[in-house]
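All values derive from a computational prediction rather than experimental measurement. Order of appearance sets the numbers: ligands from 1, and atoms from 1 within every ligand. Starting from 1, each residue takes its place in the sequence as its number.
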Amino acid sequence: MRTGIIGLPQVGKTSLFRILTKAHLSEHAYANPREAHVGVAKVPDDRLDRLAALYHPKKLTHASVEYVDLGAIGQEALKESSYIGHLRNVDALAHVLRVFEDASIPHVGPIDPLRDIKNVEFDLMISDLGQIEKRLERVEKDLKKMRSAELEKEFDLLKRANTHLETERPLRELEMTPEDKKRFRGFMFLSEKPVLFVLNVSETTDLGRDLEQAVAKYKLTDAVSRPNAAAAAICGKVEAELSEMSDEDAAEFLASYGLKESGLSRLIRTTYKLLGLISFFTLGDDECRAWTVPVHSRAVEAAGTIHTDLEKHFIRAETIRWDQLLEAGSEANARSRGTLRLEGKDYIVQDGDVLHIRHSG
Ligand SMILES: Nc1nc2c(ncn2[C@@H]2O[C@H](COP(=O)(O)OP(=O)(O)OP(=O)(O)O)[C@@H](O)[C@H]2O)c(=O)[nH]1
Ligand SMILES: [Mg+2]
């Protein structure tokens, strides 16, 4: 899974990227704001950490997400093939919004994240509209030459998308059947991608409360409750300091701001929810590991993400909820308590399940 970090100039995109991926970028990387950076972020998961304490594994593997830090967005940037190439290839967007006050860092005007959202969304939609118009012309020509049921369906969908965009609504809000989605897949439309609005707020003494209220304060409640959109507020300054600390120091530091967890944990979790992803765990003395699958995945599909052989030779999945296993203290205890279940191929994996795949391979 790959998320593109986008936004207007100087809103904190690269800062967020560095904190997420713990990347130490060279001065050179800052000197060229048009250059894209790619990095991997570990998905923090307290459940996995606690389970691993039962096993003391040789290796502890968290799930990971890729982030791409792109230069500032705008009509000009969207004409550059490398910029748009990077942007098309992400699964989701993290749109960083400037909310922090700092007179020394220029912004397009007074702090107004709703205006900034509209501007950036407009650019995404104009890019999609151009692509749709080109494709419509092509399909129209082909339809004159020959009749094709599939082409007609594509034509209707493109027309519908065109009208939708002309009323200034992004494609992520267009109702589509799974077939429609397939028809659009190859286009990699920008405004179709799920978006997480990241509010980068000022450092304040009551940060916990300010983060919670940021969405309402800036009148973003409507914008962030639209289909395939979500929001997370963070304080870039505080997160940057946190990322340099040991776990104990970080916990104390968070508490001093009235916070329970880092903004990054919340941000990554919200991205998972937005993309309809869940985690399940495999545990053992060699390795304890978190895996990522789409919600509603069947046990046999989950097995396939671990190894194709496990999918092919799947017999049963020994399953237990992560908290039930913690409570039992060991698999043996869980088995005698009857909380360890045997599930078949079609079992729908739940977020936080611990799976042990039994196979004949
Ligand atoms: N006060 C304050 N300054 C911040 C915060 N986040 C970032 N900055 C500053 O804002 C400036 C721009 O930060 P970057 O992370 O480089 O922003 P960017 O969006 O990547 O900028 P471009 O790539 O040039 O568009 C830097 O001077 C940062 O130190 C914040 O939360 N508070
Ligand atoms: Mg940058």
For the pair Phe189 and Phe187, name the ring-plane relationship: parallel under 30°, tilted 30 to 60°, perpendicular over 60°.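 Aromatic pair Phe189/Phe187 classed parallel.
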
Can you tell me how the ring of Trp291 sits relative to the ring of Phe280, calling it parallel under 30°, perpendicular over 60° and tilted otherwise?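 Judged by the thresholds at 30° and 60°, the geometry between Trp291 and Phe280 is parallel.
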
Within 2.8 Å of the Mg ion (ligand 2), is there any N, O or S atom belonging to Thr14?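 Yes.
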
Below 4.0 angstrom from a heavy atom of Ala72, which ligand 1 atoms are there? Numbered from 1 as shown, please.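 Heavy-atom distances to Ala72 below 4.0 Å select 25 (O).
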
Enumerated ligand 1 atoms positioned under 4.0 Å from heavy atoms of Ser15: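 Counting from 1, the qualifying ligand atoms are 7 (C), 13 (O), 14 (P), 15 (O).
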
Consider every N or O of [X] and every N or O of ligand 1, then say whether any pair is closer than 3.5 Å.
X	value
Val11	yes
Gln10	yes
Lys13	yes

Which of the listed options, Gly236, Gly12, Cys235, Gly74, holds the heavy atom that is closest to atom 17 (O) of ligand 1?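 Shortest heavy-atom distance from atom 17 (O) of ligand 1: Gly12.
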
Between Asp102 and ligand 1, find which residue part has any heavy-atom pair under 4.0 Å and reply side chain, backbone, both or neither.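 For Asp102, the contact with ligand 1 is made by the side chain alone.
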
Would you say that more than 12 heavy atoms from the other residues, nucleotides or ligands in this model lie under 6.0 Å from the CG of Asp46, or not?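 Enclosed: over 12 neighbouring heavy atoms sit under 6.0 Å from CG of Asp46.
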
Please tabulate, for side-chain N and O atoms in residues 136-144, each donor-acceptor pair with protein atoms closer than 3.5 Å (sequence neighbours left out).
residue: Arg138; atom: NH2; partner: Asp142; partner atom: OD1; Å: 3.3

Please tabulate, for the side chains in residues 216-225, all donor-acceptor contacts under 3.5 angstrom to protein atoms that are two or more places apart in sequence or on a different chain.
residue: Asp222; atom: OD2; partner: Arg226; partner atom: NH2; Å: 3.0
residue: Ser225; atom: OG; partner: Thr221; partner atom: O; Å: 2.7
residue: Ser225; atom: OG; partner: Asp222; partner atom: O; Å: 3.1

Should the pair Asp180-Arg160 be classified as a salt bridge under the 4.0 Å nitrogen-to-oxygen rule?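 Here Asp180 pairs with Arg160 in a salt bridge, since their nearest N and O are under 4.0 Å apart.
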
